[in-house]
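Read through the structure below, which is laid out as structure tokens, and then see the notes.
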Amino acid sequence: RSVRLAATLPCRRGLPHQRTLAAMLPLLLAAVLASLACCSSPCHGRYGEWVSEPGVFTREDQPKHLQGLHVACVWRDASGEPLRLEAYKNAVNEGEPMRAALPLTADRSWRDFRRELKAALGFRRKTNDWGFLMLKQPFGIFNEYGKRLSSAKEAEDAALIFVVEGGQWYWPPLRKGFVRKLHGTNLSLETLSVQPVIFRVQGFLREHECEEIVNLGKGRMFSSPVSLMDKDKGKAAKEFRTSTQARIDRAESEMLRNIDDRISMLTKVAVPHNEQVQILRYEKTQYYSAHLDNWDPAFYTTEGSEFIEHGHNNRLITVFWYLTNVSEGGETTFPRSDGLPQPPDMYKCDQGLKVKPVRGNVIFWYSLHPNGNTDPNGLHAACPVITGEKWSANYWVWNKPRDGRGPASDVGVDEPDEDERAEFSSKLADKLAAGEQALVTFVNDHPKRSVYLFWQGDGKGEGQFMAEIKPKTRTSMKTYPGHVWVFRAGQDIGSKKLKRFVVSDNRQQEFAIRATAAKKDEM
């Protein structure tokens with residue numbers, strides 16, 4: 001540290017005023033050294049594994065940092081003194097970190113600590129034009145193991161903390177080729193790309209698990225659907241995607257439940273955020289053109305974006321499983337990696353990072369930036385299989401719990417401050433407080449057959465497949481009055497429509513397909 005920087009964090013030590021320059025020099029040196037000692041950050045040697053250099057961000061059309069992830073340190077020099085803050089904003093080393101002393105009131109409560117930390121780091125809740133800020137998750141604070149912190153004392157004990165504006169843990173990539181050992185496991189994260197953030201985990205799935213997953217999918221495959229952007233409405237799914245798929249719920253298999261837990265350990269996002277596994281089969285020549293896995297409200301205006309809470313309830317991570325080796329072709333490609341421009345042809349596999357399928361490996365990437373905005377670099381495609389066939393699976397992790405599977409892990413921990421609430425539309429806040437958003441439970445009373453739930457928004461268009469509901473089971477979804485939901489006999493959008501429901505103004509509702517009706521003509 002330089003003398004200049006040390007002076008920005010003065011300790012309670014004074015210097016004599018009436019001395020000759022020669023006499024003052026030793027005292028000045030001693031004071032500077034003492035200042036450095038008393039104000040030294042305990043995290044000084046710990047940033048190296050977490051903070052990137054600007055040069056690893058190769059895109060010229062985007063900021064050269066992680067948007068909304070701040071690597072910080074909190075400590076105090078002595079008991080009774082205020083907490084000190086040191087931070088590399090946006091997890092990038094642009095020289096000396098920012099430093100500040102937090103007010104004495106910062107550790108009075110968790111809310112006070114969060115408010116003062118946010119003010120010192122200088123970020124705002126609004127990061128895009130989606131609106132409906134009340135639906136956005138508050139920022140989260142974590143230790144280096146991805147554990148969500150809930151008190152100023154926990155933050156001080158951890159010293160090194162990670163502030164994520166989007167609310168969920170986010171692994172910093174550091175640099176391409178960096179390998180991070182996962183604490184408490186024999187697994188490692190290998191950074192394949194920084195923009196987008198992509199990791200590979202070798203040997204995550206065991207041989208027998210790969211075989212069992214493939215067997216679960218066989219006999220249940222159907223043509224893969226596509227959620228079309230506004231510009232592609234009216235086109236057939238096969239124009240973009242020619243694979244087959246099957247969706248399997250974790251309730252069907254103890255092995256899937258075990259993998260579910262391991263994925264949560266890997267991503268540091270709780271199990272209720274995980275979507276059903278989507279098993280995929282690509283035969284010779286089959287492909288999936290370049291696409292994003294999350295829904296950006298800007299691209300889905302005709303159907304409305306209420307089902308993703310206007311973008312704030314969205315797919316955060318894709319964990320992609322390779323269940324077989326492929327002799328030739330079948331790579332997963334990221335055409336915007338390495339700073340490359342948007343590809344002119346979404347069907348070609350001639351640019352960007354290519355990941356070859358290796359049985360048992362998984363890769364995972366973030367569809368959102370740490371601040372919750374869409375990362376357009378997450379564009380990816382499945383290259384055509386040239387020789388053999390490819391079995392793989394998608395496992396999506398959302399930034400909020402799925403299908404009413406319990407409250408978010410930040411509820412009661414990371415809540416908006418009063419000044420944040422003032423940013424929200426009072427009209428929207430009143431609507432939410434009045435319970436305009438409804439929790440609807442869908443019940444399949446049939447003893448033997450599954451039904452398939454589709455969300456149709458305002459009732460126009462084909463609709464979006466949401467869940468398979470097993471015999472004698474139920475699932476819950478958050479939705480809005482006036483929205484249309486449909487039970488179908490199969491996962492294909494062209495399968496027989498069994499029953500249609502329109503959500504009313506009631507806060508809690510239940511829609512069911514009864515066994516007696518099914519016996520007559522519904523199944």
Side chains of P82 and L102 in contact at under 4.5 Å (non-hydrogen atoms): no
Pairs satisfying salt bridge (Lys or Arg N to Asp or Glu O under 4.0 Å), at least one member in residues 314-323, at least two apart: E275-R315
Ion pair check, D261 and R257, cut-off under 4.0 Å: no
Minimum-distance pair of heavy atoms, taken over all atoms of H312 and G131: NE2-O, 2.8 Å
Within 6.0 Å of NZ in K181, more than 12 heavy atoms from elsewhere: no
Contact summary for S52 and L174, nearest pair of heavy atoms: OG-O, 2.6 Å
CZ on R247 to CG on L280, rounded to 0.5 Å: 9.5 Å
Least distance between heavy atoms, A91 atom then L66 atom: CB-CD1, 3.9 Å
Main-chain N/O of L133 paired with R125 side-chain donor or acceptor, under 3.5 Å: yes
T479 side chain to A438 backbone, donor-acceptor under 3.5 Å: no
Verdict with supporting geometry, F364 and V201, side-chain contact (heavy atoms from CB on, under 4.5 Å): CA-CA 8 Å; F364 72 90; V201 185; 4.2 Å; yes
Ring-ring centroid check W396 W398, cutoff 6.0 Å: no
Close aromatic pair by centroid cut-off 6.0 Å: Y88 and W50: no
R206 bridged to E209 by N-O distance under 4.0 Å: yes
Side-chain donor-acceptor contact under 3.5 Å, N371 with T127: no
Short side-chain to backbone donor-acceptor contact, N143 and A155, under 3.5 Å: no
Pair Y170 + H369: ring centers closer than 6.0 Å: no
Backbone N/O of R59 and side chain of Q195: donor-acceptor pair under 3.5 Å: yes
Any residue meeting salt bridge (charged side-chain N to carboxylate O under 4.0 Å, His left out) with E254, in chain and number order, not counting sequence neighbours: none
Output field: ring centroids F204/W321 closer than 6.0 Å: no
Derivation of the side-chain hydrogen bond (donor to acceptor under 3.5 Å, both in side chains) call for E86 and S41: CA-CA 7 Å; E86 180 178 84; S41 158; 3.0 Å; yes
Parallel, tilted or perpendicular: rings of H483 and W455 (30°, 60°): perpendicular
Cation-aromatic face contact R114/F139, 6.0 Å, 45 degrees: yes
Salt bridge present between K136 and E309 (N-O < 4.0 angstrom): no
Any donor-acceptor N or O pair under 3.5 Å, side chains S109, D112: yes
Side-chain donor-acceptor pair present, N394, Q278, cut-off under 3.5 Å: yes
Lys/Arg-Asp/Glu bridge criterion (N-O < 4.0 Å) met for K89, E94: no
salt_bridge(R76, E156) N-O dist < 4.0 Å: yes
Distance in Å, R250 CZ paired with I263 CD1, rounded so as to fall on 0.5 Å steps: 10.5 Å
Any side-chain heavy-atom pair of I141 and F113 under 4.5 Å: yes
Verdict with supporting geometry, E96 and R99, salt bridge (charged side-chain N to carboxylate O under 4.0 Å, His left out): CA-CA 9 Å; E96 289 292 330; R99 298 186 179 96; 3.0 Å; yes
Over 12 non-hydrogen atoms of neighbours within 6.0 angstrom of NZ in K268: yes
Side chain N361, main chain G203, donor-acceptor under 3.5 Å: yes
Carboxylate-amine/guanidinium proximity below 4.0 Å for E190 and R180: no
Separation between OH of Y366 and CG of N377, rounded to the nearest 0.5 Å: 15.5 Å
Distance (rounded to the nearest 0.5 Å) between L292 CG and D375 CG: 8.5 Å
H380 (side chain) donor-acceptor with G378 (main chain) under 3.5 angstrom: yes
Greater than 12 external heavy atoms within 6.0 Å of K147's NZ: yes
Full working for side-chain contact (heavy atoms from CB on, under 4.5 Å) between T332 and I363: CA-CA 10 Å; T332 307; I363 60 172; 4.3 Å; yes
D107 (side chain) donor-acceptor with A152 (main chain) under 3.5 angstrom: no
Any donor-acceptor N or O pair under 3.5 Å, side chains D260, N274: yes
Derivation of the side-chain hydrogen bond (donor to acceptor under 3.5 Å, both in side chains) call for E165 and H70: CA-CA 8 Å; E165 294 180 27; H70 312 293; 2.8 Å; yes
D61 atom CG, over 12 foreign heavy atoms within 6.0 Å: yes
Reported CZ-to-CG distance for the pair R200 and L192, which is rounded to 0.5 angstrom: 5.0 Å
Within the 6.0 Å centroid threshold, strictly below: W365 and F199: no
Exam field: side chain T333 to backbone L353, donor-acceptor pair closer than 3.5 Å: yes
Separation of L160 CG from C73 SG (nearest 0.5 Å): 6.5 Å
Side chain W169, main chain F162, donor-acceptor under 3.5 Å: no
W110 side chain near E154 side chain, heavy-atom distance below 4.5 Å: no
Residue pair G55 / T58: nearest heavy atoms and the distance that separates them: O-CG2, 4.1 Å
Backbone of V179 reached by a side-chain donor or acceptor of S188 within 3.5 Å: no
Close side-chain approach of I317 and L368, heavy atoms under 4.5 Å: no
Donor on one side chain, acceptor on other, D293 and W295, under 3.5 Å: no
Minimum heavy-atom distance between W130 and N373, given as atom pair plus value: CH2-CA, 4.3 Å
Atom of A87, atom of A72 and distance for their closest heavy-atom approach: CB-CB, 3.8 Å
L340 and P335, any side-chain heavy atoms less than 4.5 Å apart: no
Polar contact flag, side-chain donor to acceptor under 3.5 angstrom, T441-S476: yes
Intermediate values then yes/no, side-chain contact (heavy atoms from CB on, under 4.5 Å), L266 and T185: CA-CA 10 Å; L266 178 68; T185 76; over 6 Å; no
Geometric class of the Y322/F320 ring pair [parallel <30°, tilted 30-60°, perpendicular >60°]: perpendicular
